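Scroll down for the structure; my scribbles are underneath it.
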2 protein chains.
Amino acid sequence: MDLRHLRYFVAVAEEENIGRAAARLHISQPPLTRQIQQLEEELGVTLFTRTPRGMELTQAGELFLEEARNIRALVEQATERTQRAGQGKLGRLDVGIFGSAILDAIPKLLLAFRNRYPDVKVVLHTMTKAEQIEALRQRRISVGFNRMLSPLADLEIKQVTTEALLLAVPAEHPLAAQPVIRFAELQDHPMVLFPTGARPSFIDKVIGLCADSGFQPLISQEVGDAVTGVALVAGGFGVCLVPDSATTLQFPGVVYRRITDTPPNFYVDLSCIYRKDDQSPILAAFLDTAERYREETT
Amino acid sequence: MDLRHLRYFVAVAEEENIGRAAARLHISQPPLTRQIQQLEEELGVTLFTRTPRGMELTQAGELFLEEARNIRALVEQATERTQRAGQGKLGRLDVGIFGSAILDAIPKLLLAFRNRYPDVKVVLHTMTKAEQIEALRQRRISVGFNRMLSPLADLEIKQVTTEALLLAVPAEHPLAAQPVIRFAELQDHPMVLFPTGARPSFIDKVIGLCADSGFQPLISQEVGDAVTGVALVAGGFGVCLVPDSATTLQFPGVVYRRITDTPPNFYVDLSCIYRKDDQSPILAAFLDTAERYREETT
DNA sequence: CTTCTCGATACCCTACAGGTATCATCGGCA
DNA sequence: TGCCGATGATACCTGTAGGGTATCGAGAAG
């Protein structure tokens, strides 16, 4: 049996007349007769009673008509859904995000993606940079978000946005009272740094900036993520350089201050990382959305 | 697209290897490659990623695999069900029965049919002889039960059983006290006859029997069916000849008595009637069951 | 570097879907 | 009653496409 048989059968059943059905199918009458005969022979069931006025369904034929219509609808639906999946419009995208970076850019980007591809189920997995890389290679995620990513042979990196750095300062701290903060002044104040874990990371960025300005920071504490860092600032552990987006963390007793004499690379990137060999149309759609986001926000 | 494509696709998806899938399908590898390519081209979707180790489903491919399996299962089910329908094992049978004749033979026969063909839904329609014939011609029923059916050009009649006649007598009636009742004695006693309506019917049977014995019955009342007839007997309207099966009607004040000197045709048939041109396998199955029933009960 | 395994390609052959011509049958109608 | 028209069935031809064999190209493995 063949989908053609089903198509022909439904046409004949609906027209109750082989000639008309043949015309509707754009074939001539004899082949249609033969196909129907074949179908009946293969099933071993008489589907039609032949009358001088045309073809009339038997009870078995009526049942088969329902089934045939059902199957044909299902085939249509399957192709349609598969095509949507092939265009990245339907399916699932596993995304790795880092600890506290669910701030500003990532939610906005995910929201934009959801709007463009409402039938793609986005699943977020919180994991560190090293875990993201491992998960990418094991195909547990298709894309990861992180900062300060280093090039890798099998993974591609694409910058999503850059963020200026701000200084998180305890409200009672002398620097909070100054109208202007110069970067070099930070050498006199204990700093909270983050994240711990896989290097290079944001920590190295900050230490590098200090080194460029000719000093070593006074490290009061290293913590895992920005949220903890700002919490320690609130607790008086010192100041902390954070990306712009961290200002969404409004802790009582913490104020954010701009640095006036920013060195040229006084910003940090937010990038996404994915397998070079990943041909998934959903990933392509996601990266396209990310690209648009980047263009809109720069 | 074609069911073959689905079969091939599922095999490749399951084997993750075109060569093995080809072996499983008993074809050689190149045609299988081509069929998969055709399928992908027709859908416009890459279903597999080709690796040096074999074929790996894409996300769209995974979805299509589910759909394909589903469709294939449905096709199998459709053929199976249609075949059962074609063998008369699945479907619906509309049966016309007459007023009060839901006694003895018909329920037993229907029960036997249900046991042999549990998936055939039997729908009973109570209708008179004339209504049955009309309903048969209009195909609202496939078979009807009745007595004293006359041959018709387009309808076939098949006897199901015969029943001896008994006399329903009021308990207080003089005949009830006699040890023996001879048929000729009935000429002295008012009788209830049934059914009214289309002739020839059971009424004519009784009148004919009386005529054969050389008398005209004293008709006290004509009623629509045996139940009403026996009820009138209970009410003292007279005696009433009824088929054997009517003894299942146990009215208080009514007793059934045998006639001793029965004439040779002192019985009435129960037959079924159906369209000569009806090729329905369900009807055939039903008639076969009826035939067996007849053989078992004679 | 060789070898093995995978899918892809090239080319041939045959089966079968589809075409035309024609037949058989049954109702309707003059 | 017999002709005509409509219906599905049959006979036969043709071209497409599905399946076969032989072979290639690319990676992985040794």
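In what follows, chains are A, B, ... by sequence order, proteins preceding strands, each numbered from 1. The shown structure was predicted, so the numbers you read here are calculated from the model rather than taken from an experiment.
Using a 4.5 Å heavy-atom threshold, the side chains of R140(B) and H125(B) count as separate.
Salt-bridge formation is not detected for the pair K158(B)/D288(B): no Lys NZ or Arg NE/NH1/NH2 atom is positioned less than 4.0 Å from an Asp or Glu carboxylate oxygen. Using a 4.0 Å cut-off between charged side-chain N and carboxylate O, E291(B) and R294(B) make a salt bridge. E56(A) and R139(B) are joined by a salt bridge, as a carboxylate oxygen and a charged side-chain nitrogen come within less than 4.0 angstrom of each other.
Note on R4(A): only backbone sugar-phosphate atoms sit closer than 4.0 angstrom, heavy atoms only; bases stay farther off. Here Y8(B) lies in heavy-atom contact (under 4.0 Å) with sugar-phosphate atoms only. When heavy atoms are screened at a 4.0 angstrom cut-off, H5(B) is found touching no nucleic acid atom at all.
Distance N17(A) CG to dG5(D) P: 18 Å, rounded to the nearest Å. One interatomic measurement links the two molecules: CG of L57(A) to C1' of dG8(D), which rounds to 16 Å at whole-angstrom precision. Here dT7(D) presents its C1' atom at 13 Å from CG of L32(A), a figure rounded to the nearest Å. Separating the CD1 atom of I27(B) from the C1' atom of dA17(D) is a distance of 14 Å, rounded to the nearest angstrom. Taking atom CG of residue D277(B) and atom C1' of nucleotide dG27(C), one finds them 16 Å apart after rounding to whole Å. Straight-line distance from the CD1 atom of I36(B) to the P atom of dG7(C): 11 Å, rounded to whole Å. Protein atom CD of E15(A) is 11 Å distant from nucleotide atom P of dG8(D), rounded to whole Å. In this structure, L25(B) places its CG atom 15 Å from C1' of dG20(D), rounding to the nearest Å.
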Atom pairs under 3.5 Å, N or O on each side, protein against nucleotides 25-30 of chain D: can you list them with distances?
none

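Nearest nucleotide to the side chain of R20(A), out of dC6(C), dT7(D), dG18(C): dT7(D). When distances run from any side-chain atom of T33(A) to the nucleotides dG8(D), dT20(C), dT9(C), the shortest one goes to dG8(D). Residue Q37(A) places its side chain closer to dA9(D) than to any other of dA9(D), dG7(C), dG19(D). Taking only side-chain atoms of P30(A), from C-beta outward, the nucleotide of dA11(D), dG8(D), dT9(C) with the closest atom is dA11(D). For R34(A), counting side-chain heavy atoms from C-beta on, the closest listed nucleotide (dA17(C), dA9(D), dA22(D)) is dA17(C).
For F48(B) and F9(B), the gap between ring centers is short of 6.0 Å.
The neighbour count for R114(A) CZ, taken as heavy atoms of other residues, nucleotides or ligands under 6.0 Å away, does not exceed 12.
Side-chain contact annotation: E42(B) with Q38(B), donor-acceptor N/O pair under 3.5 Å absent. Side-chain contact, Q37(A) with E41(A): no donor N or O sits under 3.5 Å from an acceptor N or O.
Taking only side-chain nitrogens and oxygens, Q35(B) never comes nearer than 4.0 Å to OP1 or OP2 of dA17(D).
DNA chain C is contacted by both S28(A) and E16(B); E16(B) maps to the nucleotide lying nearer its 5′ end (nearest heavy atom per residue).
A donor-acceptor contact under 3.5 Å links the side chain of Q29(B) to the base of dA8(C).
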